[in-house]
**Q** 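Please see the structure below; I have some questions.
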Amino acid sequence: MTNLSPLQIERLKYEPKLPSSLANGINHLVSQEGTATQSVANQDEISALFKNTYGKPTVTFKTASESTESSLRNVGVILSGGQAPGGHNVIAGLYDALKQANSSNKLYGFLGGPSGIIEGKYVEFDDKFIDAYRNTGGFDIIGSGRTKLETEEQFQSSLEVCKKLNISAVVIIGGDDSNTNAALLAEWFVAHNAGIQVIGCPKTIDGDLKNEQIEISFGFDTATKTYAELIGNIERDANSAKKYWHFIKIMGRSASHVALEAALQTQPNITLISEEVEQKKMSLSSIIDYITDIVVRRSDNGKNFGIAVVPEGLIEFIPELKSMIANLNDIMSTLESNSAYSNGTDAEKISIIENTLSSENSSVFKSLPSLIKSQLLMDRDPHGNVQVSKIETEKLLISMVEEKLANLKKEGKYSGKFSTQSHFFGYEGRCAFPSNFDADYCYSLGFNAFALINFGLTGYLSSVRNLTAPATEWIAGGVPLTMMMNMERRHGEMKPVIKKALVELDGPVFKKLELNREDWAMNDRYLFPGAIQYFGPSSVCDITTVTLALEKSLANV
C-alpha cells in the first residue's frame with residue numbers, strides 16, 4: 001500500500017489487546033464445555049435439518065499449564081455481506097494465531113465473498129500482506145460479496161476447492177445470514193465426511209446479531225460513534241443557524257440498535273424506534289401526528305429547528321406498510337417473470353402491482369407518493385425483498401409533515417416555518433478506522449476462531465464476552481450456530497435462519513431514551529461526541545457504547 005496518511009501509518013503500529021487466556025498462547029489453552037444447547041425456537045425443525053451439528057455445548061477457553069502440539073492446518077477465510085469496521089483485524093488475529101500454532105500453517109483468503117470458495121479464487125497471506133491492513137477499516141483486503149452458500153452444487157464446489165488447497169477449516173466472517181450459511185456448510189461437510197470445519201465470526205454494524213454469548217457484533221461500536229459524530233455536527237449546525245429541521249435516516253434495516261445508540265450519544269429532539277412503532281401498532285398518520293406535535297410546540301417556543309433520527313427499516317415496521325411490503329415481496333418473484341411487467345414502463349408496473357396486491361394493500365400502495373412507489377419497484381435484495389435502504393423514508397416523513405403543517409396553518413394553529421434538510425448515514429460508518437474497542441475485539445475474535453479450529457470444533461460462532469471489562473478480562477469461547485436459529489419465511493418458503501436480536505422495549509437501553517424523550521424534544525440537550533479518539537485518557541478513547549454499558553450494568557444489579 002502506498003500514499004498512506006499520517007493516521008494510517010500510526011494505526012498500523014497499534015497492537016491489539018487479547019483476553020489473558022488467549023494472550024498466554026494458542027497452544028496453552030484448555031476447553032471447558034457448558035451444557036447442551038437448543039435453538040431459540042422451532043427445535044424439532046432445526047434439529048432435523050442439522051442432525052450432525054445440533055445440540056452441541058457452548059465452550060470457554062482457559063489457560064493451560066502445559067503447552068500442546070498443534071497439528072498442521074490450512075485455513076480459508078471469507079468476508080461475507082456488508083462491510084463493518086474491524087474485519088481486517090479478524091483476519092489478522094486468525095493469521096497470527098494460526099502461525100503461532102504452527103509456522104507451517106497457511107491462511108488462504110477467498111476473493112469477493114462466498115463466491116471465492118465456490119469458484120476457487122483466492123490469495124495466500126504472508127506477513128507483509130497482513131501487516132499492510134492491520135487496524136484499518138473496510139474489507140478491501142480480499143473483498144466481500146453476498147452470494148449465499150445453500151445449494152448442493154455450491155457445497156460440492158467448495159469441497160473441491162478446499163481439497164485442492166488442503167484446507168481443513170473455513171472461517172466465515174459475516175452477519176446473521178452469512179453465519180446461517182456457515183451453519184449449513186458445516187452440517188453438509190460433516191454429513192459428507194469431508195473433514196473440514198466451519199467457524200463463524202459475528203459481524204454486522206446493525207447490532208442485531210447478539211445474545212448472552214455474543215454481547216455485541218463487531219463494527220457496531222465504530223459505526224455508531226461515526227454516526228454520532230456526524231449527528232453531533234449537524235446538531236451544532238442546527239443550533240447555530242436555528243432555521244432547519246434535519247431528518248436523519250440511519251443504517252439498520254431489521255433492528256433499530258444503531259439509531260438508538262446514536263441517539264443516546266447525541267440526544268436529538270426526535271428518535272423513532274421501529275420496534276416501538278410495531279409494538280404500539282402506530283400507523284403512518286400517527287407517526288406524522290407525533291412529529292408534527294413536536295415541531296409545532298417547538299415553534300411556539302420560537303424554535304423552528306430540530307433534529308429527527310429515523311431508523312432505515314422504519315417503513316417495514318409500520319403495520320399497514322409492513323403488510324403491503326410483505327405482500328409485495330411475495331408477488332414480485334412471479335411478476336418479474338411476467339413479460340408484461342418486466343418490459344413495462346414504471347407507470348405500467350405500478351398499475352400491474354396495484355391490480356395484483358390484495359385490495360387493502362393496494363389502497364396503501366396507491367396512497368404513497370410517486371417517488372416512494374418507484375423506490376419500492378427497484379431491484380430486490382439477495383433475499384428477494386424490497387431494498388429498504390433505497391426507500392427515502394426521511395423524505396416521505398418530511399413531505400407528510402409539511403402537508404400536515406400546511407393544514408394547521410390554514411386553521412390558524414401553526415404560524416412557524418418548517419425548512420428541512422434530509423440525510424442518510426450508512427456507508428459513512430461501514431469502513432471507518434476501527435475504534436480501539438473494535439480493533440481489540442476483532443483481533444480477539446479472529447485469534448479465538450483459530451482456537452475453536454484447534455480444538456476440532458465445527459458449526460460454532462467465535463464468542464468473546466465480558467466486554468465492558470478491560471480486554472485482559474474478556475472471556476473467549478464459542479457458541480453453536482444452531483443455538484441462535486429459528487425458522488422464517490424466505491422466498492415463500494420456511495428456512496432456518498439465525499434469529500435477529502431486536503431492540504427490547506422493556507430493556508435498559510430503550511428505557512433510557514423513553515425516560516428522556518420529552519425533555520430532549522423540547523429542550524436542546526444536544527451532545528457533541530466528536531471524532532473517534534485513539535490516544536489520550538482512557539475515559540475518552542476506550543469508552544464503550546451506551547448500549548453495552550447499560551445492558552451490562554443491569555446484568556450486574
Side-chain angles (χ1 to χ4, degrees), residues 18-37 50 52-64 68-78 80 89-102 105 107-108 162 167-174 178-187 189-190 194-203 209 211-215 217-218 441-466 474-484 498:
L18 282 170
S20 59
S21 58
L22 301 180
N24 287 324
I26 196 68
N27 292 328
H28 285 81
L29 292 174
V30 291
S31 173
Q32 295 183 348
E33 290 189 355
T35 57
T37 61
F50 296 89
N52 299 286
T53 52
Y54 185 84
K56 302 292 184 183
T58 59
V59 297
T60 301
F61 295 127
K62 303 287 186 180
T63 300
T68 57
E69 187 175 341
S70 179
S71 302
L72 182 67
R73 285 185 171 88
N74 291 347
V75 178
V77 63
I78 298 169
S80 180
N89 267 28
V90 179
I91 295 177
L94 175 62
Y95 177 84
D96 288 353
L98 173 145
K99 289 295 185 181
Q100 187 185 107
N102 189 320
N105 287 343
L107 179 62
Y108 296 97
C162 288
I167 285 176
S168 59
V170 175
V171 175
I172 296 179
I173 303 168
S178 299
N179 278 295
T180 295
N181 294 339
L184 291 167
L185 184 62
E187 175 68 21
F189 279 156
V190 175
I196 301 172
Q197 302 160 250
V198 181
I199 300 296
C201 281
K203 177 274 314 175
L209 177 54
N211 53 35
E212 290 182 0
Q213 301 292 326
I214 308 297
E215 294 178 353
S217 52
F218 82 73
Y441 182 44
C442 290
Y443 187 80
S444 298
L445 286 171
F447 202 97
N448 185 64
F450 187 77
L452 293 168
I453 293 169
N454 229 15
F455 279 91
L457 300 172
T458 191
Y460 275 73
L461 190 66
S462 180
S463 169
V464 177
R465 298 179 287 123
N466 198 33
W474 291 353
I475 300 169
V479 54
L481 287 163
T482 56
M483 179 183 174
M484 305 168 68
I498 291 175

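Every heavy atom of this structure was used, including side-chain atoms; hydrogens, water molecules and symmetry mates were not. For reference, positions follow the sequence shown, starting with 1.
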**Q** Quick one: CG on Asn102 to OG on Ser71, what's the gap to the nearest 0.5 Å?
**A** 8.5 Å
**Q** To the nearest 0.5 angstrom, please state how far the CD1 atom of Ile173 sits from the CG atom of Leu445.
**A** 9.0 Å
**Q** Nearest 0.5 Å please: distance from the CG atom of Leu209 over to the OG atom of Ser178.
**A** 9.5 Å
**Q** Quick one: does Gln100's side chain have a donor or acceptor within less than 3.5 Å of a partner on Ile26's backbone?
**A** yes
**Q** Atom OG1 in Thr180, atom CD1 in Ile498: separation rounded to 0.5 Å?
**A** 4.0 Å
**Q** Between Glu215 and Val464, is there a donor-acceptor pair closer than 3.5 Å when you use the side chain of the first and the backbone of the second?
**A** no
**Q** Identify the heavy atoms of Asn454 and Ser70 that sit nearest to each other, and give their distance.
**A** OD1-OG, 3.0 Å
**Q** Among Ile78, Ile199, Val75, which residue satisfies the side chain to side chain contact (heavy atoms under 4.5 Å, CB included) criterion with Val170?
**A** Ile78
**Q** Got more than 12 heavy atoms from elsewhere within 6.0 Å of NZ, Lys99?
**A** yes
**Q** Taking side chain as C-beta onward, heavy atoms only, is Ile91 less than 4.5 Å from Leu107?
**A** yes
**Q** Any sub-3.5 Å donor-acceptor pair from Thr37's side-chain atoms to Lys56's backbone N or O?
**A** yes
**Q** Please test Leu184 against Phe50 for side-chain contact (heavy atoms from CB on, under 4.5 Å), starting from the C-alpha separation and ending with a verdict.
**A** CA-CA 8 Å; Leu184 291 167; Phe50 296 89; 3.7 Å; yes
**Q** Ala182 and Val198: which non-hydrogen atoms are nearest, and at how many Å?
**A** O-CG1, 3.5 Å
**Q** Please identify each residue that fulfils ring pair (Phe, Tyr, Trp, His ring centres under 6.0 Å) with Tyr108, with sequence neighbours left out.
**A** Tyr122
**Q** Working to the nearest 0.5 angstrom, can you tell me the gap between Leu18 CG and Tyr441 OH?
**A** 13.5 Å
**Q** Could you give me the CA-CA distance, side-chain angles and deciding distance for Thr58 and Met483, then say whether side-chain contact (heavy atoms from CB on, under 4.5 Å) is met?
**A** CA-CA 9 Å; Thr58 59; Met483 179 183 174; 4.2 Å; yes
**Q** Does the side chain of Asn89 reach to within under 4.5 Å of the side chain of Phe218, using non-hydrogen atoms?
**A** no
**Q** Would you check if the side chain of Asn448 reaches a backbone N or O of Ser462 as a donor-acceptor pair within less than 3.5 Å?
**A** no
**Q** Any idea which heavy atoms bring Tyr443 and Asp96 closest together, and the distance?
**A** OH-OD2, 2.5 Å
**Q** So do Leu452 and Phe61 actually touch side chain to side chain, heavy atoms under 4.5 Å?
**A** yes
**Q** For the residue pair Ile167 and Gly76, what are the closest heavy atoms and their distance?
**A** CG2-N, 3.9 Å
**Q** Between Pro202 and Asn179, which heavy-atom pair has the shortest distance, and what is it?
**A** CA-ND2, 4.3 Å
**Q** Does Asn74 use its side chain to pair, donor to acceptor, with the backbone of Ser168 at less than 3.5 Å?
**A** no
**Q** Stepwise, does the side-chain contact (heavy atoms from CB on, under 4.5 Å) test hold for Tyr460 with Gln197?
**A** CA-CA 9 Å; Tyr460 275 73; Gln197 302 160 250; over 6 Å; no
**Q** Can you tell me how far SG of Cys201 sits from CD1 of Ile214, rounded to the nearest 0.5 angstrom?
**A** 9.0 Å
**Q** Apply side-chain contact (heavy atoms from CB on, under 4.5 Å) to the pair Ile453 and Val171, showing each step before the final yes or no.
**A** CA-CA 9 Å; Ile453 293 169; Val171 175; 3.8 Å; yes
**Q** Quick one: are Thr458 and Phe189 in side-chain contact, heavy atoms under 4.5 Å?
**A** no
**Q** Would you say Lys203's side chain and Ser80's backbone share a donor-acceptor pair under 3.5 angstrom?
**A** yes
**Q** Are the side chains of Tyr95 and Val77 in contact, using a 4.5 Å heavy-atom criterion?
**A** no
**Q** Is it the case that over 12 heavy atoms from other parts of the model lie below 6.0 angstrom from the CD atom of Gln32?
**A** yes
**Q** Hey, are the side chains of Leu29 and Leu22 touching, using non-hydrogen atoms and a 4.5 Å cut-off?
**A** yes
